[in-house]
Amino acid sequence: MRILLKNGTVINVFTGETEQAHVLIEDEKIIGVGDSYTDEDAREVRDVQGKYICPGFMDGHIHIESSMLTPPEFARAVIAHGTTSVVADPHEIANVCGKAGIRYMLEASENIPMTIYIMLPSCVSATRFDESGAVLVAEDLESFYSHPRVLGLAEVMDYPGVIAEDKEILKKIRAAREHGLTVNGHAPLLSGKKLDQYIAAGIGDDHECSSAEEARERIRKGQRVMIRQGTAAQNLQALLPLFEEPWAHRCLLVSDDKHPADLLKKGHIDDAIRQAVRAGKNPITGIRMATLWAAECFGLRNVGATAPGYMADLLVLDDLAKIKIRDVYCRGRRVVENGWLLPWQESHIRPDLDRAVRNSFHLDALSEDDFHIPYFGVHMCRVIRLIARQLITEEWDADIDFQKDNGIDLERDILKIAVVERHKRTGHKGLGFICGTGMKQGAAASSVAHDSHNLILIGTNERDMALAGNRVREMGGGCTVALNGEIISEMPLPIGGVMSDCSAAAVADQNERLRQSVHLLGVPQELELFMSMAFVSLPVIPHMKMTTRGLVDVNNQKLVSLKCD
């Protein structure tokens, strides 16, 4: 079927120009752009005079599981915001369910009106300090490389392993490159000679840059920089200088991790472009980062532009500066009309695969005693300090009085943190202290704890911590908030303990109520508690993290004691 979009203003992402032109679509492809096409050239004609036409947006790096939505429901949340494709790393579900998790994400993303590309998880588990539900070696990934939507190897978080020439991680990188595919990076604050070694191993990009100077070093050394604007990590403001040349054409926009309420209310990649425009940047530069330059990063041909022979993933915008999206076309089919998402028929997951990603919680009931630290007197201890809107955490050495509430000190914002193994009933748990939450009462627990997704808890008292953790266990995964011996909000996540089986709207509502409930505990409005705590257990992001094995000094990649030496 031929469709003619006529009289629009086409944004040329090759040159940055705009031009008045008609766009002719046949089935999934664009077959013509110019002023010579007439109504007779198409079966259906749609006049978009006064509107802008641009390619659909691509999120170059996201973990769909962090939206807590299944792939079809994630699509429902983002398509109306102009996202027609994403490059997803399913390492959250893979850390829980292994190869079955990858197969689930591939199958669940079939027959939906957007393209979900997959990068194969490189670090399952992320480091030797993690206890995940599965381990994937290079041979486990090999069978997936032939899938048409697999684009390469996902973020190589074990940068110490790359620098130390660990045979297994280098084998994974080599396999992806031998297939002619991309290898994503993840090396926050790495610089100088160590960065050179990391890049030389074959890693082409990074999404962990938190300053413009860090990003410029990456670009100068040949990497592409993914400008991240998610729920917890919001690096856009610091990286605004990259929206100018000579840097811009080596950048793309990503969200990494974004909560469902934010996706529905604020938007996705469209929101990142709007924020850049409000800061004085050219919207067309943002669009180029979200389309052609993103596609080029992954070696995708005929994707990301409004040009003959390209995939007909297109947006019709009412307003360029506000990125106000009117219509969305995915593979030539209109899937959003006048801002409204059109219905579609999705395929169903095979029962055996569905079962494989459920019932993943294997943990005995918790008691208050499980969170008791057997120290006496006053000791200088390491405390994890949160940094607002960052995934980086700091170490704070503080005197802890264990005779008073077993070390909890609300006046100094020192709370208890625990990470409890939940995959294989090992009984392992890491216990310590954290500051920066502002919490004055109650506790929060979650099975979303990157990347191994064990049970993480933060609380002002052991009673509420045990209550919150046991409720997560009963639900088979999820997030809870406990206050004065009662669960005041919860969010079940029965798929791998990281995703809901509810609709996007229902999950967004649960998510919003959960996020608001933590403010009753004293958590300030500017802190995204659940997203922030999810990264406190990831021992590849500086500087101090907590795992089931205890405190990890990320910079030196070693376990350290709670008490300072």
Side-chain angles (χ1 to χ4, degrees), residues 5 8-19 21 23-33 52-62 75 78-79 81-88 109 113-119 148-152 180-182 184 204-205 207 224-229 242-243 245 247-255 268-270 272-273 276 282-317 320 323 325 327-336:
L5 304 181
T9 300
V10 174
I11 297 170
N12 190 311
V13 292
F14 297 112
T15 66
E17 300 171 293
T18 60
E19 57 180 332
V23 178
L24 185 62
I25 301 168
E26 184 172 52
D27 299 326
E28 297 185 350
K29 299 287 185 180
I30 298 168
I31 61 170
V33 178
Y52 293 86
I53 301 173
C54 74
F57 299 147
M58 173 184 287
D59 185 336
H61 176 71
I62 189 172
V78 302
I79 290 174
H81 292 290
T83 302
T84 56
S85 60
V86 300
V87 182
S109 57
M114 68 179 297
T115 303
I116 295 181
Y117 298 105
I118 295 292
M119 298 293 284
R149 286 190 285 115
V150 168
L151 300 184
L181 300 176
T182 302
N184 289 155
D205 56 66
H207 62 275
R224 297 179 191 268
V225 168
M226 297 176 171
I227 300 175
R228 175 174 57 187
Q229 190 70 359
L242 302 185
F243 279 74
E245 291 299 351
W247 321 106
H249 72 282
R250 298 292 293 177
C251 298
L252 54 154
L253 299 177
V254 307
S255 65
H268 189 205
I269 297 300
D270 59 325
I273 300 173
N282 188 333
I284 294 178
T285 301
I287 289 171
R288 297 173 85 183
M289 288 180 176
T291 57
L292 180 66
W293 296 340
E296 288 177 343
C297 178
F298 295 95
L300 291 169
R301 296 182 177 180
N302 299 321
V303 174
T306 308
Y310 275 68
M311 184 70 70
D313 290 347
L314 296 170
L315 309 181
V316 177
L317 308 179
L320 178 58
I323 313 296
I325 297 162
D327 298 334
V328 177
Y329 292 82
C330 185
R331 299 189 291 273
R333 171 189 169 195
R334 183 158 59 178
V335 293
V336 173

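The chain is numbered in sequence order, starting from 1. As the structure is a computational prediction, the values presented were derived from the model and not from experiment.
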Start with the C-alpha gap between M289 and I273, add the side-chain angles, then the distance that decides, and say whether side chain to side chain contact (heavy atoms under 4.5 Å, CB included) holds.
CA-CA 9 Å; M289 288 180 176; I273 300 173; over 6 Å; no
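- For the side-chain contact (heavy atoms from CB on, under 4.5 Å) test with F57, the passing option among I269, V328, L253, V86 is I269; the others fail.
- Between M226 atom CE and D205 atom CG the span is 3.5 Å, to the nearest 0.5 Å.
- Every residue two or more places apart in sequence or in another chain was checked for a side-chain hydrogen bond (donor to acceptor under 3.5 Å, both in side chains) with T306, and none qualifies.
- For N184 and H61, the side-chain atoms include no donor-acceptor pair closer than 3.5 Å.
- Shown here for F243 and G286, the closest heavy-atom pair between the two residues is CE2-CA, 4.0 Å.
- Here the closest heavy-atom approach between residue S255 and residue I62 is recorded as OG-CD1, 3.4 Å.
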Test side chain to side chain contact (heavy atoms under 4.5 Å, CB included) on M311 and N302; report intermediate values, then the result.
CA-CA 6 Å; M311 184 70 70; N302 299 321; 6.0 Å; no
Intermediate values then yes/no, side chain to side chain contact (heavy atoms under 4.5 Å, CB included), I323 and L315:
CA-CA 10 Å; I323 313 296; L315 309 181; over 6 Å; no
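- Inter-residue side-chain proximity for V303 and Y117 is flagged as met; some heavy-atom pair is nearer than 4.5 Å.
- You'll find the side chain of P55 stays beyond 4.5 Å of the side chain of L292, heavy atoms only.
- Rounded to the nearest 0.5 Å, atoms CD1 (I53) and CG (N12) are 12.5 Å apart.
- The main-chain N or O of I116 is found under 3.5 Å from a side-chain atom of R149 such that the two form a donor-acceptor pair.
- Listed here is the closest heavy atom pair of P308 and V33: CD-CG2, 4.2 Å.
- With sequence neighbours left out, T285 forms a side-chain hydrogen bond (donor to acceptor under 3.5 Å, both in side chains) with no residue at all.
- Residues T291 and G304 come closest through the heavy atom pair CB-O, 3.5 Å.
- Checking side-chain atoms of D327 against main-chain N and O of V316 turns up no donor-acceptor pair under 3.5 Å.
- Annotation for F298: atom CZ counts as buried by contact number, over 12 foreign heavy atoms lying within 6.0 Å.
- Under the 4.5 Å side-chain criterion, counting only non-hydrogen atoms from C-beta, I30 is in contact with L314.
- I227 and C251 get closest at one heavy-atom pair: CD1-CB, 4.1 Å.
- Using modelled atom types, one side-chain atom of R288 and one backbone atom of F14 make a donor-acceptor pair closer than 3.5 Å.
- Within the 3.5 Å criterion, the main-chain N or O of R331 finds a donor-acceptor partner in the side chain of D313.
- Closest non-hydrogen pair, A312 versus K29, comes out as CB-C, 3.9 Å.
- Applying the side-chain hydrogen bond (donor to acceptor under 3.5 Å, both in side chains) test to R228 and every residue at least two apart in sequence or in another chain returns E208, N235, D256.
- Paired with M58 under the rule side-chain contact (heavy atoms from CB on, under 4.5 Å), one option of V254, L300, T84, T83 passes, and it is L300.
- The structure places CD of E19 at 11.0 Å from CD1 of I11, a figure rounded to the nearest 0.5 Å.
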